[in-house]
Amino acid sequence: MTPDSTLAVACAVLGAAERLDPRELTDLMMIGELGLDGRVRPVRGVLPAVLAAADAGYRQVVVPERTVAEASLVPGISVLGVRSLRQLIAVLTDEPVPEEDDTPGEGRPDPLLAGLIVPGTGIGAGLPPGDRTLDLSDVAGQHTARRALEVAAAGRHHIFFKGPPGAGKTMLAERLPGLLPPLSPKESLEVTAVHSVAGTLPPGQPLVDRPPYCAPHHSATMASLVGGGSGLPRPGAVSLAHHGVLFVDEAAECNARVLDALRQPLESGHVVVARAAGMMRLPARFLLALAANPCPCGRHGTIGGGCECRPSTIRRYRARLSGPLMDRVDLRIAVEPVARSELIALGRGAESTATVAERVRAARERSAARFAETPWRTNSEVPGHELRTRWQVHPGALAQAERDLECGLLTARGLDRVLRVAWTAADLAGRDRPTTEDVNWALELRTGVRRGAVTATAGA
């Protein structure tokens, strides 16, 4: 018996004892944990439970009062919220409904929230902060990285920042969620359901309408990243970042096995976690942002940096990011230290998040219109075969990419990803298809080899 079924079990016992008319319990779904004091405590996963009840044909549900707003998100369902078993009995027997005090004692934890707390998580974990505004205009310099960030948001391309400490890698990644469009109604329900199951949905916020942002520490375990735990599996960071951004800072310091576990959800958009108590399939379609130093000391390649790391140490450090994982990352950006002149000129002419987000929205609309009769909406979702055969680039635009493929600088998967980035660059620039300039710039971001071509996005 699970905690969320104790209310239903109590009503079944009362029906067997003829305290309740069993006919009143017919076609009534009850969700809630019954405390020893008769209070009905909220539980995790109310939204997906009510969605499942609606699919099963139920039209009436009883939930803890604290979760009424969450349950009411499901259309066509009549929701009754109760604070205690006494109140539910009164409703079912047409008796006066007693008042129940819902205020905990001063200095004491609220017992009604006990069912929402998950060990190791916090309320609101993985959700974008609502008390601070991170604006792209705060970032000094980094013009190439800013442009790549815009492309990542417009096409949902995974991105990797490499550079010394203090260059602005984390600043850039933290501003990526602000460039993403608001969640659609369907996406909002999916994200809210995941956070409801995880127990991280903040009280008073029944619906998540902004892309989530999850930034686990580099010491995160496999279970905390992809999901798991003892007993029934729980969502991990990849699911908490569904339809949002998963940022892994100090990626080269992560456990290699844990980091490589990202490969499967990056391809499939979901993760399947199996435990003795059951198996759970969780959504995990996120935008990945990685950041790492060039070497253990962080000074390799910087002017006057004084790096003393041995070449073999640097190679081993970089090898912690495996080739198969990096092959799934479309954009690889070298973030250089900011010059003094750029720091002094901070705020002068730097575009704000709102300005860039508007271009991202327009680019998303162009790609959505192009894929109107398909199951895809962004360039990163389109299979390579479809991209090469159904939507053609300008004649000769792939010449350099084909040469890179022949000499081994590019894999077949890499070529497909270069094409996707080129289409996103064309969408941002308002072009109907990618040019040689777009493809060469995408190649530069993919391989790190400069091609002598600089693509410009509208307004950049």
Side-chain angles (χ1 to χ4, degrees), residues 136 139 142-161 172-173 175-176 179-181 245 287-289 327-335 351 353 355-371 374 376-384 386-388 390-405 409-410 413-460:
L136 199 57
V139 180
Q142 307 299 359
H143 304 294
T144 300
R146 289 169 59 100
R147 188 181 301 164
L149 203 69
E150 183 176 343
V151 171
R156 290 189 70 255
H157 302 288
H158 307 305
I159 189 168
F160 170 56
F161 299 105
L172 288 162
R175 283 150 180 79
L176 182 54
L179 302 180
L180 300 178
V245 177
L287 173 54
L288 177 64
D327 200 35
R328 291 166 168 82
V329 178
D330 301 345
L331 311 173
R332 306 170 188 180
I333 311 300
V335 183
E351 290 186 315
T353 293
T355 301
V356 179
E358 180 60 27
R359 284 205 301 271
V360 169
R361 183 195 59 78
R364 287 276 187 112
E365 289 179 353
R366 290 180 66 88
S367 62
R370 185 167 60 250
F371 305 136
T374 72
W376 315 298
R377 287 298 174 266
T378 59
N379 293 312
S380 64
E381 303 172 34
V382 185
E386 297 286 343
L387 202 61
R388 291 191 300 270
R390 295 182 60 176
W391 295 282
Q392 298 293 321
V393 301
H394 273 280
L398 289 175
Q400 183 62 55
E402 292 169 351
R403 287 194 292 269
D404 285 358
L405 183 64
L409 276 177
L410 204 63
R413 176 190 285 154
L415 177 60
D416 291 342
R417 294 185 176 275
V418 165
L419 269 175
R420 294 166 182 160
V421 173
W423 271 103
T424 302
D427 287 336
L428 284 166
R431 289 188 279 268
D432 59 347
R433 54 180 174 167
T435 63
T436 302
E437 187 181 31
D438 296 322
V439 175
N440 287 350
W441 187 68
L443 274 172
E444 182 178 322
L445 293 178
R446 177 76 183 180
T447 63
V449 179
R450 296 192 64 84
R451 309 290 169 166
V454 179
T455 188
T457 57

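Between the side chain of R431 and the backbone N or O of L428 there is no donor-acceptor pair closer than 3.5 Å. The main-chain N or O of H157 is never found under 3.5 Å from a side-chain atom of S380 such that the two would form a donor-acceptor pair. With hydrogens and angles disregarded, a donor-acceptor distance shorter than 3.5 Å links the side chain of R446 to the backbone of V329. No donor-acceptor pair closer than 3.5 Å links the side chain of R156 to the backbone N or O of E381. A donor-acceptor pair under 3.5 Å links the side-chain atoms of D438 to the main chain of T435, judged by distance alone.
Between the CD1 atom in I333 and the CG atom in L172 there is a gap of 9.5 Å [rounded to 0.5 Å]. Rounding to the nearest 0.5 angstrom, the gap separating the OG1 atom in T144 from the CG atom in L331 is 12.0 Å. Between W376 atom CH2 and L387 atom CG the span is 9.0 Å, to the nearest 0.5 Å. Remark: T447 OG1 to R332 CZ distance equals 8.5 Å, nearest 0.5 Å. The distance from the CZ atom of R403 to the CG atom of L398 is 11.0 Å, given to the nearest 0.5 Å. Atom CG of L419 is separated from atom CD of Q392 by 9.5 Å, given to the nearest 0.5 angstrom.
Counting all heavy atoms, side chain and backbone alike, V360 lies closest to P181 at CG1-CD, 4.4 Å. I159 and F161 make their closest contact through CD1-CZ, 3.5 Å (heavy atoms, listed as atom of the first residue, atom of the second, distance). The minimum heavy-atom distance linking P434 with A397 is given by the pair O-CB, 4.3 Å. The two atoms that bring A154 and A363 nearest to each other are CB-CB, 4.0 Å, heavy atoms only. When all heavy atoms are compared, the tightest approach of A153 to L176 is CB-CD1, 4.0 Å. Of all non-hydrogen atoms in G396 and T436, the two that sit nearest each other are O-OG1, 4.0 Å.
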Stepwise side-chain contact (heavy atoms from CB on, under 4.5 Å) test for L136 and L149: CA-CA 10 Å; L136 199 57; L149 203 69; 3.9 Å; yes

Start with the C-alpha gap between V335 and Q142, add the side-chain angles, then the distance that decides, and say whether side-chain contact (heavy atoms from CB on, under 4.5 Å) holds. CA-CA 7 Å; V335 183; Q142 307 299 359; 3.4 Å; yes

side-chain contact (heavy atoms from CB on, under 4.5 Å) between W423 and V382, worked out: CA-CA 11 Å; W423 271 103; V382 185; over 6 Å; no

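The pair R388-D416 meets the salt-bridge criterion, since a charged nitrogen lies less than 4.0 angstrom from a carboxylate oxygen. The pair E150-R146 does not meet the salt-bridge criterion, since no charged nitrogen lies less than 4.0 angstrom from a carboxylate oxygen.
With sequence neighbours excluded, the residues that form a side-chain hydrogen bond (donor to acceptor under 3.5 Å, both in side chains) with R328 are E267. Contacts of R390 classified as salt bridge (charged side-chain N to carboxylate O under 4.0 Å, His left out), with partners at least two apart in sequence or in another chain: E386.
Looking only at atom types and distance, the side chain of S367 has no donor-acceptor partner in the side chain of N379 under 3.5 Å away. For the residue pair N440 / E444, no side-chain donor-acceptor distance below 3.5 Å is found, with atom types taken as modelled.
Using a 4.5 Å heavy-atom threshold, the side chains of V418 and V439 count as touching. Residues D330 and T424 are not in side-chain contact: their nearest non-hydrogen atoms beyond the backbone lie 4.5 Å or more apart.
Paired with D427 under the rule side-chain hydrogen bond (donor to acceptor under 3.5 Å, both in side chains), one option of R433, R370, R364 passes, and it is R370.
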